[in-house]
Amino acid sequence: MTTKTNTDGTETDVSMTRMAENLKKVERLTERFGQVMANRQTHQPALDGPNQELFAKAGQAYLSEAMTNPAKLMEHQMGYWTKTVTHFMEVQQALAKGTLEAPENKMPKDRRFANPLWETHPYFSYVRQQYQINAEAVAQAVDAVTDMEPREKQRLAYFSNQIIDLMSPTNFLATNPDALQRAVDTEGESLIKGLENLISDLEANDGELIVKLADDSAFTLGENIATAPGKVVFRNRMFELIQYSPTTDQVHETPLLIFPPWINKFYILDLKAQNSLVKWVTDQGYTLFMVSWVNPDATYRDVGMEDYIEDGYLTAFREVKAITGEKKVNAVGYCIAGTTLALTLSLMKQRGDKSVKSATFFTALTDFSDQGEFKPFLTDDFIDGIEAETADKGILPSIVMARTFSFLRSNDLVYGPAVKSYMMGETPPAFDLLYWNGDGANLPAKMAMQYLRGLCQGNKLADGGFDLAGNHLVLDEVDVPICAVACETDHIAPWKDSYRGVQQMGSKDKTFIMTQSGHIAGIVNPPSKGKYGHYVNDDMGLSHEDWLEGAEFTEGSWWPRWEKWLKKRSGKMIPARQPGEGGRKIISDAPGEYVAKKANR
């Protein structure tokens, strides 16, 4: 017992005092938990997982396989029984020796089980190996199902893996040695802190559980993130237009306009000076404009992709030309903004509008025939649920997309952070990229369904054309000079799918760059880092396999290669333009107001 002597000579049991304090904390936290759950906003059940039909089909297919090929089923069962019973016997034999030792671990390495106790302690070793044996058996059972359509089997595999990941012993206090040791070392304080973190996350999301990945108190827009100097020079209901201050005495005469995705905020391209594409581009001598999209609420219910084009893209082109006095603009579209840039270019072709001198696409899909890892979420039951959700709320809430993206990498973006926050009581790291990742945006109801039904599910742009506001938009009408950048390990916009879409565009001047890494790190890859390399191949008539086989690999960032391409299409050098020249009204300093609006949850 630890005691302290009071001023009056009496002694107080420190442990009992701390226990009483913690009990009061638990009582207050319980009240908060009850309040947040009582006011919890509900959503469509279809958004939580597949309907029962998928698992019913899987059960029928498994039974059918058992009837037609019982030997195969028996082989799987015997293999599972043999492994689990053998492991049990090995544990018993080890314990019978009278020493607290675990038998040899014969299962594959897994970074979730880094604590040495998973190898050496009989209890934790047993729990871990039995879990891995069971996980292996489930994976084999799914793989053995043959009487299912490939699309449904892929969904079955995905959701089965989600269940496997959820049931990992690292996700439960009683079977997580790190969390248990932390609780002992802190006399339970880590669990109190973890409960506080859990309730805070629930409160921040109206009762929905979204694990906070970064310490949002560590960042302030315009102060230590999104800091590139500039001015908001235009604003309408769809976007703010930022003109960045030049950092060189002279600039290329053709301005550059970037359209970021409106699923997230634009400042992924301006996290900090060291990796800011905004700063780097201005340092190369360009007049740079950035679109900062509005974060829509329910009043944007009837805003469609045609509004993003007319009141977004086309309006931005007009404003940039008016500000600079130029007749043409170089454009960049990132992710969904690249998809929409392709739609816009087709429309401009039909209207005879030649305002765009060249187009660059960052990780943009225009051919959705292979939906990759998103395929489990693009079936009718899930999209029907989204449609009902948007009809109810007027928007597709940011939380739905955030959760979907997170579960594509559930161990890294859900369970791992949840263990650290809720069981270890750790404060999320002050990491700018993760802060941006959590700063999502809503989608208008109409636009979301046009995108999901018409493009993602129907693949109409690449397959015959996409009808929008009385126009039939097609890929082969995209005929301006094109540079497309895709990322090797991108699970959101796979590079081979991006490549296939660019192949179908009508331009005779095409450059395709495939950079190493993924959807974000592959793009935000400044030359100063000396990290990921990139591939190029001028022959765009090849299959993606042959293109890569014949591609030239270059160490380091793709940024200088793209800038060399852009320079040839950006005209002569002229005196640098300052925001506000020519009487243009300055609305506010960058990064503006729209970027600061948080998403409805």
Practice problem: Taking atom NZ of Lys531 as the centre, report whether more than 12 heavy atoms of other residues, nucleotides or ligands fall under 6.0 Å from it. | Solution: no
Exercise. Flag yes if more than 12 heavy atoms outside Lys460 fall under 6.0 Å of its NZ atom; otherwise flag no.
Key: no
Exercise. Please report the closest heavy-atom contact between Gly501 and Thr366, naming both atoms and the distance.
Key: CA-OG1, 3.3 Å
Quiz prompt | Sidechain-backbone polar pair: Trp262 side chain, Ala441 backbone, donor-acceptor under 3.5 Å | solution = no
Quiz item: Got more than 12 heavy atoms from elsewhere within 6.0 Å of NZ, Lys328?
Solution: yes
Quiz item: Got a donor-acceptor contact below 3.5 angstrom from the Asn442 side chain to the Pro397 backbone?
Solution: no
Self-check item: Minimum heavy-atom distance between Asn275 and Val524, given as atom pair plus value
Solution: O-CG1, 3.5 Å
Practice problem: From the options Arg318, Arg351, Arg237, select the one residue that forms a salt bridge (charged side-chain N to carboxylate O under 4.0 Å, His left out) with Glu310. | Solution: Arg351
Quiz item: Is the count of non-hydrogen atoms from other residues, nucleotides or ligands lying under 6.0 Å from Asp412 atom CG greater than 12?
Solution: yes
Quiz item: Gln503 side chain to Leu542 main-chain N or O, any donor-acceptor pair under 3.5 Å?
Solution: yes
Quiz item: Any Lys/Arg nitrogen of Lys597 or Asp297 sitting under 4.0 Å from an Asp/Glu carboxylate oxygen of the other?
Solution: yes
Quiz item: Is a donor on one side and an acceptor on the other found under 3.5 Å between the side chain of Lys212 and the backbone of Ser200?
Solution: no
Practice problem: Answer yes or no: are there more than 12 heavy-atom neighbours, outside Glu549 itself, under 6.0 Å from its atom CD? | Solution: no
Quiz item: When you measure from the side chain of Ser498 to the backbone N and O of Thr363, does any donor-acceptor pair fall under 3.5 Å?
Solution: no
Self-check item: Partner of Asn330 under side-chain contact (heavy atoms from CB on, under 4.5 Å), chosen from Val356, Val320, Leu566
Solution: Leu566
Quiz item: What closest approach, in Å, do Glu306 and Leu468 show between heavy atoms, and which atom pair accounts for it?
Solution: OE1-CD1, 3.5 Å
Practice problem: Verify the distance criterion only: is there a donor paired with an acceptor across the side chains of Ser543 and Asp546 at less than 3.5 Å? | Solution: yes
Practice problem: Assess the side chains of Asp201 and Tyr422: does a donor N or O sit below 3.5 Å from an acceptor N or O? | Solution: yes
Practice problem: Please tell me if the side chains of Leu473 and Gln350 come closer than 4.5 Å, counting only heavy atoms from C-beta onward. | Solution: yes
Quiz item: So which heavy atom on Ala342 is nearest to which on Phe361, and how close?
Solution: N-CE2, 3.9 Å
Self-check item: Criterion ring-ring contact (aromatic ring centres under 6.0 Å, His included) on Phe239 and Phe234, from CA distance to verdict
Solution: CA-CA 8 Å; Phe239 71 96; Phe234 175 80; 5.5 Å; yes
